[in-house]
Chemist: 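Starting off with a structure, shown below.
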Amino acid sequence: MTARVAIVTGGASGIGLAITERLVKDGLTVAVFDLNDCAVAAASYAVDVSDQQQVNDAVARVVADLGAPTVLVNNAGVDGFKRFLDISLDEWNRLLSINLTGTFLCCQAVIPHMLEAGWGRIVNISSSSAQGGQQLMSHYVSSKAGMIGLTKALALEFGPQGITVNTIPPGFIDTPMLRAAEAKGLLGPGGAEAAVATTPVRRAGLPEDIANAAAFLIGDDASYITGQVIGVNGGRNTG
Ligand code: NAP
């Protein structure tokens, strides 16, 4: 995989950071698009993925700084917890614009470079909540379900051009996002420990668990896998 240029969104924290570290270890040149700096990437770009101008400008800078990107991991995301009837239109739009529209914008900006190369890998980090539903997260769940649909549609459209598109819906991964939800009491009684007790493999997921799956999907061994939903969730969701 040496010499390939990858963009990882949300690569400054949690799952995205683990994916960045893994791809760097695998020999890729990694650019991170995040609101925050990432020290382990070859280059870190301050990008709000929901802003089309920022995304397009940053992709142009990656091309100039590092070369044309042919790997894209859409991982930047925010969560949200609210009763459905209390979700304002602004809150709904914010979740959709970062999680789903951000994925759309990054794909639109990067796919032309993959088409030129005749090769590309897109991995979208959705959520197991989109497979099983999740109380108090209807806006988040909808944004992540949209990522799964987008993954399948892009796989069909760009498969003939050598681009694979897959999605990993993580379940219960120990990251700052998860711990922030726990600190607010949003994981329910017993917090993370109680959730671990009902997870078939009896542990929380690690960001590296997602990075392992992403690295596989990006590698040449996965060239016949596209349009797939690859659950990494300790058996919490087998649907
Ligand atoms: P995290 O630790 O909060 O990392 C997410 C990163 O994305 C943060 O650096 C965050 O910056 C950045 N970000 C947020 N909004 C952005 C924007 N508009 N543009 C660019 N960067 C932005 O979260 P995580 O747990 O690693 O989650 C990574 C992805 O996995 C998310 O899409 C999440 O929905 C998904 N996921 C996580 C779990 C889990 O159990 N952890 C389960 C299912 C799905 P700030 O910190 O400044 O916001």
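Note that the structure is a prediction, hence the values are computed from the model and not measured. Remember, it's 1-based here, ligands and their atoms both numbered in the order they're listed.
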Chemist: Which protein heavy atom lies closest to atom 45 (P) of ligand 1, and at what distance to 0.1 Å?
Modeler: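 Sorting protein heavy atoms by distance from atom 45 (P) of ligand 1 puts Asn36 ND2, 3.4 Å first.
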
Chemist: Considering only non-hydrogen protein atoms, determine which one is nearest to atom 9 (O) of ligand 1 and report residue, atom name and distance to 0.1 Å.
Modeler: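 Heavy-atom neighbour on the protein nearest atom 9 (O) of ligand 1: Asp34 OD2, 2.8 Å.
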
Chemist: Checking the side chain of Asp174 only, and the main-chain atoms of Ala204 only, is there a donor and an acceptor separated by less than 3.5 Å?
Modeler: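 Answer holds: no.
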
Chemist: Just to confirm my output: which protein heavy-atom neighbour is closest to atom 40 (O) of ligand 1, and how far is it?
Modeler: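 Answer, as residue, atom name and distance: Ile173 N, 2.7 Å.
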
Chemist: Quick test: of every protein heavy atom, which one is nearest to atom 28 (C) of ligand 1, and how far off is it to 0.1 Å?
Modeler: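 Protein heavy atom with the smallest distance to atom 28 (C) of ligand 1: Asn75 OD1, 3.1 Å.
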
Chemist: Is the count of non-hydrogen atoms from other residues, nucleotides or ligands lying under 6.0 Å from Glu116 atom CD greater than 12?
Modeler: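 Atom CD in Glu116 is not crowded, with 12 or fewer foreign heavy atoms closer than 6.0 Å.
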
Chemist: I'd like to know whether Asp209 forms a salt bridge (charged side-chain N to carboxylate O under 4.0 Å, His left out) with Arg203, so could you lay out the CA-CA distance, the side-chain angles of the two residues, the decisive distance to 0.1 Å, and finally the verdict.
Modeler: CA-CA 12 Å; Asp209 292 314; Arg203 68 171 175 88; 2.8 Å; yes

Chemist: Taking distance alone, with no angle check, do Ser127 and ligand 1 share an N/O pair under 3.5 Å?
Modeler: no

Chemist: Looking at Val47, which atoms of ligand 1 are within less than 4.0 Å of one of its heavy atoms?
Modeler: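 Those atoms are 19 (N), 20 (C).
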
Chemist: With atoms numbered from 1 as shown, which atoms in ligand 1 lie under 4.0 angstrom from a non-hydrogen atom of Phe172?
Modeler: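 Here the atoms of ligand 1 in question are 40 (O).
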
Chemist: Is it the case that Asn124 and Thr103 place a side-chain donor and acceptor less than 3.5 Å from each other?
Modeler: no

Chemist: Passes side-chain contact (heavy atoms from CB on, under 4.5 Å), Val47 versus Thr9? Steps please.
Modeler: CA-CA 9 Å; Val47 181; Thr9 72; over 6 Å; no

Chemist: Counting heavy atoms only, which of Lys144, Gln54, Met147, Gln134 comes nearest to atom 32 (O) of ligand 1?
Modeler: Lys144

Chemist: Give the atom numbers and elements of ligand 1 that come within less than 4.0 Å of a heavy atom of Gly14.
Modeler: 2 (O), 26 (O)

Chemist: For Ser126, which part has a heavy atom under 4.0 Å from ligand 1: side chain, backbone, both, or neither?
Modeler: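 The backbone, only.
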
Chemist: Report yes or no: does a heavy atom of Asp79 sit under 4.0 Å from some atom of ligand 1?
Modeler: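 Under 4.0 Å: no for Asp79.
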
Chemist: Only heavy atoms of Val78, strictly under 4.0 Å: list the atoms of ligand 1 that pass.
Modeler: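 By the 4.0 Å cutoff, the relevant atoms are 14 (C), 15 (N).
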
Chemist: Of all the atoms in ligand 1, which lie at a distance below 4.0 Å from a heavy atom belonging to Asp48?
Modeler: 17 (C), 18 (N), 19 (N)

Chemist: Using heavy atoms and a threshold below 4.0 Å, how should the contact between Tyr140 and ligand 1 be classified: side chain, backbone, both, or neither?
Modeler: side chain

Chemist: Once you restrict to heavy atoms under 4.0 Å, what part of Ile98 touches ligand 1? Side chain, backbone, both or neither.
Modeler: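 Just the side chain.
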
Chemist: For a quick test of reading the model, state the closest non-hydrogen atom pair linking Gly219 to Arg121 and the distance between them.
Modeler: O-NH2, 3.4 Å

Chemist: Is a side-chain donor-acceptor pair under 3.5 Å present for Ser143 with Asn99?
Modeler: yes

Chemist: Tell me: protein heavy atom nearest atom 1 (P) of ligand 1, and distance?
Modeler: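 For atom 1 (P) of ligand 1, the nearest protein heavy atom comes out as Ser13 OG, 3.6 Å.
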
Chemist: Could you tell me whether Arg4 and Asp220 make a salt bridge, using a distance below 4.0 angstrom between a side-chain N and a carboxylate O?
Modeler: yes

Chemist: So, for Pro160 and Glu157, which heavy atoms are closest and what is the spacing to 0.1 Å?
Modeler: CD-O, 3.8 Å

Chemist: Looking only at protein heavy atoms, which one is nearest to atom 26 (O) of ligand 1, and what is the separation?
Modeler: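 Heavy-atom neighbour on the protein nearest atom 26 (O) of ligand 1: Ile15 N, 2.8 Å.
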
Chemist: Counting non-hydrogen protein atoms only, what is the nearest one to atom 3 (O) of ligand 1? Give residue, atom name and distance.
Modeler: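 Nearest neighbour among protein heavy atoms for atom 3 (O) of ligand 1, to 0.1 Å: Met177 CB, 3.6 Å.
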
Chemist: Below 3.5 angstrom, do we get any N/O pair linking Val49 and ligand 1?
Modeler: yes

Chemist: Identify the closest protein heavy atom to atom 7 (O) of ligand 1: which residue and atom is it, and at what distance?
Modeler: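 Checking every protein heavy atom, the shortest distance to atom 7 (O) of ligand 1 gives Gly10 CA, 3.4 Å.
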
Chemist: Does Gln135 have more than 12 heavy atoms from other residues, nucleotides or ligands lying within 6.0 Å of its CD?
Modeler: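 Counting neighbours around CD of Gln135, 12 or fewer heavy atoms of other residues, nucleotides or ligands fall under 6.0 Å, so no.
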
Chemist: Salt-bridge test for Asp90 and Arg94: reply yes if a basic N is under 4.0 Å from a carboxylate O, no otherwise.
Modeler: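 Looking at Asp90 and Arg94, the cut-off is not met.
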
Chemist: Ile98 and Val78: which non-hydrogen atoms are nearest, and at how many Å?
Modeler: CD1-CG2, 3.7 Å

